[in-house]
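Just follow the structure's listing: the first ligand is 1, and inside any ligand the first atom is 1.
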Amino acid sequence: MNARVKPVLSVVVPVYNEAASLPHFFTSLHTVLAGVGVAYEVIFVDDGSLDASARLVDDFCARDNHIRLLKLTRNFGKEIATTAGIHAAAGDAILMLDADGQHPVEAIPQFIKKWQQGAKVVVGRPQNRKAGLVKRLGSRWFYWLLRRLVGAALNSDATDFRLIDSEVQTVFNRLTERSRITRGLIDWLGYKHEYVSYQENPRLAGRATQSFRKLSKLAIDSAISLSISPLYITAYIGAVVLPLATLLGMGMILDWCLRDPLHVHATGSAYLNVLVLWLIGVLLVSQGIIGLYLSHIHTET
Ligand code: UDP
Ligand code: MG
């Protein structure tokens with residue numbers, strides 16, 4: 001990398017086995033960025049590609065000094081690759097973009113405009129989602145659940161095609177979780193969001209490698225890292241069971257002392273059942289208390 005002006009815009013592109021798409025992607029990205037009139041850099045993050053992706057980006061670097069290659073030692077997944085790119089970005093604004101051509105580079109000027117107007121986070125909203133039914137329903141359900149758990153304004157139709165201000169980058173860089181969904185973390189940070197609608201393109205080549213299984217695992221991991229509510233669930237159940245069993249037990253003892261005025265005819269096993277229910281209540285509540293302590297540890301770490 002030779003001496004260069006500090007970029008205003010950093011474009012972060014995670015790449016995993018995209019050799020077939022890269023030449024076309026690079027040409028169209030170059031055309032758009034050359035036209036926006038701000039100093040820029042493009043950081044391609046090679047996420048342990050097995051094909052010629054890294055070599056192709058190396059060629060781009062040789063031809064164009066706006067390009068940088070960040071080479072991960074193995075495949076870490078898109079979220080980590082994007083995170084690495086954000087960490088390396090030197091611009092005042094950082095734009096994330098897929099290398100498969102699905103995010104139209106023509107929309108980039110709109111992102112920059114919104115940012116220049118003061119938005120700290122600009123999020124792309126696809127108008128024609130091409131994802132399969134399972135993935136679509138899955139992501140809708142996941143965001144619904146996450147909103148419930150985290151209580152933050154997380155968007156289900158938002159994508160990774162987004163721009164963040166360097167102020168957001170600074171805070172983002174302080175987050176250390178390893179299982180992460182980048183867009184979820186950015187949403188969680190707050191900040192004023194602006195939106196850019198775009199038409200999602202079909203992939204330039206090849207198939208999506210972010211499998212549904214990979215995404216589901218990520219979804220669960222990030223829900224756990226962003227929320228402590230599941231820890232309280234047993235406490236809530238215990239809080240219902242324990243008073244109920246206590247009342248029932250006291251009622252039965254009172255009934256026995258007064259020689260069964262209500263003619264309940266409670267048997268020995270009925271007493272035993274209530275006792276067991278009461279003990280279950282105690283166990284649930286004490287698990288809930290452990291959960292409380294655990295949630296404090298979780299939040300503090
Ligand atoms: N990607 C990556 N690491 C992976 C999987 C994907 O860096 O393990 C990149 C991929 O090269 C592309 C972007 O992440 O630039 C989106 O991946 P893909 O198209 O497979 O998933 P989609 O989100 O479109 O379903
Ligand atoms: Mg894709």
**Item:** Under-4.0 Å salt bridge between R125 and E200
**Value:** no

**Message:** Quick test of your reading of the model: are R162 and D187 salt-bridged, counting only N-O distances below 4.0 Å?
**Reply:** yes

**Asked** When you measure from the centre of the six-membered ring of F172, is the NZ or CZ of R174 under 6.0 Å away and within 45° of the axis?
**Response** no

Just which atoms of ligand 1 are under 4.0 Å from any heavy atom in [X]?
X    : result
D98  : 13 (C), 15 (O), 16 (C)
R203 : 18 (P), 19 (O), 20 (O)
D100 : 19 (O), 24 (O)
Q102 : 19 (O), 24 (O)
N75  : 3 (N), 4 (C), 8 (O)

**Asked** With a cut-off of 6.0 Å (strictly less than), are more than 12 heavy atoms of other residues, nucleotides or ligands near NE2 of H87?
**Response** yes

**Message:** For the Mg ion (ligand 2), give me the closest N/O/S atom belonging to D100, just the atom name.
**Reply:** OD2

**Item:** Structural part of E18 in contact with ligand 1, heavy atom criterion under 4.0 angstrom
**Value:** side chain

**Prompt:** Heavy-atom contacts under 4.0 Å between V15 and ligand 1: side chain, backbone, both, or neither?
**Reply:** backbone

For the side chain of [X] and the backbone of [Y], is there at least one donor-acceptor N/O pair under 3.5 Å apart?
X    : Y    : value
S49  : D51  : no
E41  : V11  : no
K114 : Y195 : yes

**Message:** Please report whether ligand 1 has a polar contact with P14, defined as an N or O pair separated by less than 3.5 Å (distance criterion only).
**Reply:** yes

